[in-house]
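Reviewing the structure listed below.
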Amino acid sequence: MFGIDEVRSLVQGSDHLGNEQKVVTRFPPEPNGYLHIGHAKSICLNFGIAQANNGDCHLRFDDTNPVTEDIKYISSIVEDLAWLGFGSGKPKHFTSDYFDQLYEWAEYLIKNGDAYVDDLSPDEIREYRGTLETVGKESPYRERGINENLELFRKMREGEFEQGSKVLRAKIDMEAGNLNLRDPIIYRIINVDHPRTKNSWRIYPTYDFAHGQSDAIEGITHSLCTLEFEDHRPLYDWLLDHLPVSIRPKQIEFSRLNMTHTVLSKRNLKYLVDEGLVSGWDDPRMPTLSGLRRRGIPADAIKTFCVGLGVTKANSTVEMAAFDACVREYLNENAQRRMAVIDPLKIILENFEEGRIEQLEVENSPKSESFGTRNLTFSREIYIDREDFMEDPPKKFFRLSPGKEVRLRYAYLIRCKEVVKDTEGKIIELRCTYDPETKGGSAPDGRKVKGILHWVSSHDAINAEIRFYSKLFNTEQPGKSAELIDDLNRESILVHKNCKLEPSLLKFGCEETVQFERLGYFCKDTDSSQINPIFNRTIELRDTWSKLNPSNIS
RNA sequence: UGGGGCGUAGCCAAGUGGCCUAAGGCACCGGUUUUUGAUAUCGGCAUUCGGAGGUUCGAAUCCUCCCGCCCCAGCCA
């Protein structure tokens with residue numbers, strides 16, 4: 001087990017390096033999906049170590065399999081990476097750029113008697129490989145002559161053989177306990193054009209034959225990868241030992257990020273998208289970087305979270321609450337405050353003159369004066385949230401109820417005089433009075449008012465749709481004890497229409513997350529338009545009250 | 001009776017033989033402050049390090065055995 005500092009010292013104290021060698025790491029996504037928070041961990045680790053050591057970190061697309069990869073993913077990956085604050089904005093490294101070198105090295109192996117062309121079928125290869133508990137047996141083609149191998153391999157390259165009919169294998173040890181060493185396939189025929197090399201190649205190197213070598217070509221000193229590649233390290237080293245490479249990258253494994261209440265595998269994420277269970281890769285409920293961004297989570301909050309993660313070899317699952325805490329901590333310091341009413345309940349202030357409008361200058365954040373101030377308008381008719389009024393309140397409810405007094409944030413103390421209902425008995429309006437002596441919210445007589453409500457003035461409030469997002473799955477480990485779909489939280493999105501916002505909110509951009517006081521953090525959604533503003537709830541505020549009295553929250 | 005890993009509080013995780021009757025964060029519980037039931041702040045939360053033996057004056061740290069969990073039988077990465 002090792003911590004991030006140990007990875008750093010591992011890097012710094014590496015004896016496999018020459019004294020003066022610069023540390024170079026790499027982040028090697030395969031262009032076949034979108035980046036998610038798990039990738040962010042790897043990104044922050046790799047780029048972080050490079051920065052800490054005055055080194056470099058290469059974004060390298062590991063594009064060795066043209067059947068699953070697509071060029072369209074490259075731009076999203078580059079974009080997400082740049083959003084996080086890493087990379088130059090344009091991709092510079094591709095495994096496919098090394099196909100010529102890789103091919104040459106394959107011939108080098110053949111010439112040294114370290115690789116051979118195998119005619120066994122895929123089924124036969126599997127059969128010959130043996131099982132976890134029984135050794136494999138050697139292919140009848142294993143002892144072909146070097147010239148025959150060379151000739152066959154060149155014909156493979158020329159496209160003379162059917163896909164699946166031949167492969168190039170490293171000649172290692174069919175009896176090895178580690179299956180990866182049982183003559184691993186290093187080149188296979190794939191009669192498919194490559195997104196970048198087009199129709200130049202009919203054979204493509206496997207991950208095992210491409211990764212370490214690409215590392216060597218780029219001068220990568222530390223190749224950090226996830227635990228499932230531990231078994232591949234002996235092969236990674238074997239290949240480098242048998243090839244004329246000048247530098248020796250070192251593979252170091254650490255555990256991938258797992259989080260509760262979500263899924264972090266391409267397969268499951270793709271399933272959610274393909275089945276229409278979410279609106280797309282950038283659905284605000286998705287743990288993808290594009291989804292988190294759309295939900296309003298700042299890149300810096302993600303980075304802080306990732307830097308704080310343990311870099312160890314223990315399989316672990318981080319509670320979503322830890323991520324939430326990180327997001328709240330960041331937003332509490334950096335987000336401006338505004339007021340918004342989700343479910344408007346009209347209040348008429350009977351003693352406030354009709355037609356009169358008052359301007360109130362209020363701070364944009366209690367955290368720092370540097371956020372500046374804005375004006376709120378106050379008028380005879382205002383809205384509060386329906387949830388903040390109870391006709392027959394429980395004991396500790398200190399919001400508004402008949403006869404009670406509360407403070408309207410930044411404005412005045414008001415007292416509820418009368419509840420107006422429609423014929424159905426639904427409350428449609430509250431008649432209240434305000435205390436003119438309490439402008440700004442403090443009473444000259446020093447009387448304490450515990451309840452404080454957010455509000456907007458009906459005079460200039462704007463209408464908006466607000467989408468409340470919550471965890472995508474109800475269970476901590478979705479799909480563990482049921483089908484994935486059964487664990488889905490069917491209420492992970494709740495849309496509220498006809499919400500009332502203070503007008504200054506119109507000026508905010510999509511990624512400028514603001515706090516709606518007493519409610520949470522929100523940001524404008526990309527679906528938003530001038531006439532139809534839409535906001536996403538990024539995350540709710542901590543709420544001790546609803547936790548203590550869940551039944552009091554409608 | 002294949003190989004490779006991992007096991008410190010509900011979660012993540014420091015710790016590499018003595019200052020460990022085990023840091024820190026999240027979660028949780030309780031107090032204070034508060035014009036956000038937010039924030040801030042204070043306090044509580046492992047006599048114990050998967051278990052059992054052993055070595056040692058001294059062990060989470062070293063040794064032995066045992067138990068549990070994860071990964072590997074793609075011409076995926």
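Convention: sequence-line order gives letters A, B, ...; per-chain numbering from 1.
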Nucleotides 72-77 of chain B: protein proximity per nucleotide (B base, S sugar-phosphate only, - neither; heavy atom, under 4.0 Å): BBSBSB
Any donor-acceptor pair under 3.5 Å from Gln251(A) side chain to Phe229(A) backbone: yes
Pair assignment for U32(B), Watson-Crick or G-U wobble, requiring both distances under 3.5 Å: A40(B)
Please give the distance between the C1' atoms of C12(B) and G4(B) as a whole number of Å. 24 Å
Taking the six-membered ring for Trp, are the ring centroids of Phe378(A) and Trp455(A) within less than 6.0 Å of each other? yes
Lys/Arg-Asp/Glu bridge criterion (N-O < 4.0 Å) met for Glu160(A), Arg154(A): no
In the strands shown, is A9(B) matched to any nucleotide by a Watson-Crick or G-U wobble pair with both distances under 3.5 Å, and which? none
Treating Asp343(A) as the side-chain partner and Glu387(A) as the backbone partner, does any N or O pair qualify as donor plus acceptor under 3.5 Å? no
I'd like the C1' distance from A14(B) over to U61(B), given in whole Å. 13 Å
For nucleotides A9(B) and A60(B), find the distance between their P atoms and express it as a whole number of Å. 15 Å
Given Ile347(A) and Leu400(A), is the side chain to side chain contact (heavy atoms under 4.5 Å, CB included) satisfied, shown in steps? CA-CA 11 Å; Ile347(A) 288 186; Leu400(A) 196 60; 4.1 Å; yes
So, under a plain 3.5 Å distance rule, would you say the side chain of Gln515(A) forms a donor-acceptor pair with the base of U36(B)? yes
Roughly how far apart, to the nearest Å, are G7(B) and U16(B) at atom P? 15 Å
Atom CD of Glu387(A) and atom P of G37(B) are separated, to the nearest Å, by 12 Å
I'd like a table of atom pairs between the protein and nucleotides 9-11 of chain B - only N or O on both sides, under 3.5 Å - with the distance next to each one.
{"residue": "G10(B)", "atom": "N2", "partner": "Glu319(A)", "partner atom": "OE1", "Å": "2.9"}
{"residue": "C11(B)", "atom": "O4'", "partner": "Glu319(A)", "partner atom": "OE2", "Å": "3.0"}
{"residue": "C11(B)", "atom": "O3'", "partner": "Thr317(A)", "partner atom": "O", "Å": "3.3"}
{"residue": "C11(B)", "atom": "O2'", "partner": "Thr317(A)", "partner atom": "O", "Å": "3.0"}

Rounding to the closest angstrom, what is the interatomic distance between U64(B) and C72(B) at atom P? 29 Å
Hey, which sits more toward the 5' end of RNA chain B by its nearest nucleotide, Ala325(A) or Glu133(A)? Glu133(A)
Could you tell me which nucleotide pairs with A46(B) by Watson-Crick or G-U wobble geometry, both distances under 3.5 Å, or answer none if nothing does? none
Using only side-chain N and O atoms of Arg233(A), determine if any of them is under 4.0 Å from OP1 or OP2 of G4(B). no
With sugar-phosphate meaning primed atoms plus P, OP1 and OP2, does Arg409(A) contact a base, only sugar-phosphate, or nothing at under 4.0 Å between heavy atoms? base
Check: Val341(A) main-chain N/O paired with Asp385(A) side-chain donor or acceptor under 3.5 Å: no
Salt bridge (charged side-chain N to carboxylate O under 4.0 Å, His left out), that's the test. Do Asp487(A) and Lys480(A) meet it? Break it down for me. CA-CA 9 Å; Asp487(A) 287 335; Lys480(A) 190 174 188 190; over 6 Å; no
Using the P atom on both, measure C63(B) against U55(B) and round to a whole Å. 15 Å
Whole angstrom value for the distance that separates P of C26(B) from NE2 of His261(A): 18 Å
Go through Arg60(A) and Glu218(A) one step at a time and tell me if the salt bridge (charged side-chain N to carboxylate O under 4.0 Å, His left out) criterion holds. CA-CA 10 Å; Arg60(A) 178 172 78 230; Glu218(A) 293 182 11; 3.3 Å; yes
Would G74(B) be called syn or anti, given that syn covers angles within 90° of 0? syn
Suppose you measure atom C1' in C20(B) against the same atom in A46(B); what distance do you get, rounded to whole Å? 12 Å
Please check the phosphate of U39(B) (OP1 and OP2 only) for any side-chain N or O of Arg542(A) closer than 4.0 Å. yes
Take Lys166(A) and Asp119(A) through the test salt bridge (charged side-chain N to carboxylate O under 4.0 Å, His left out) and record every step on the way to the result. CA-CA 5 Å; Lys166(A) 285 183 171 46; Asp119(A) 296 359; 3.5 Å; yes
Considering only side-chain heavy atoms of Asn315(A), which listed nucleotide, G2(B), C70(B), U36(B), is closest? C70(B)
Given that both distances must come in under 3.5 Å, which nucleotide forms a Watson-Crick or G-U wobble pair with G18(B)? C57(B)
Nearest-angstrom distance from the residue atom NE2 of His454(A) to C1' of A38(B): 13 Å
Between Asp193(A) and Arg202(A), is the closest basic N to carboxylate O distance under 4.0 Å? yes
Rounding to a whole Å, what distance do you find between Leu181(A):CG and G3(B):C1'? 10 Å
Nearest heavy atom decides the nucleotide; on that basis, is Glu175(A) or Leu519(A) closer to the 5' end of RNA chain B? Glu175(A)
If you only use heavy atoms from C-beta on, which nucleotide in G7(B), G2(B), U39(B) is closest to the side chain of Ala314(A)? G7(B)
Distance check, rounded to the nearest 0.5 Å: Asp97(A) atom CG versus Ser214(A) atom OG? 9.5 Å
Could you tell me the separation between the CD1 atom of Ile452(A) and the P atom of U39(B), rounded to a whole number of Å? 14 Å
C1' atom, G17(B) versus A22(B): distance in rounded Å? 15 Å
In whole Å, what is the span from the CG atom of Asp324(A) to the P atom of A38(B)? 17 Å
Measure the distance from CZ on Arg337(A) to C1' on U36(B) and round it to the nearest whole Å. 8 Å
Do the side chain of Thr317(A) and the main chain of Asn258(A) share a donor and acceptor less than 3.5 angstrom apart? no
Using whole Å, what does the distance between atom P of nucleotide A27(B) and atom CZ of Phe323(A) come to? 14 Å
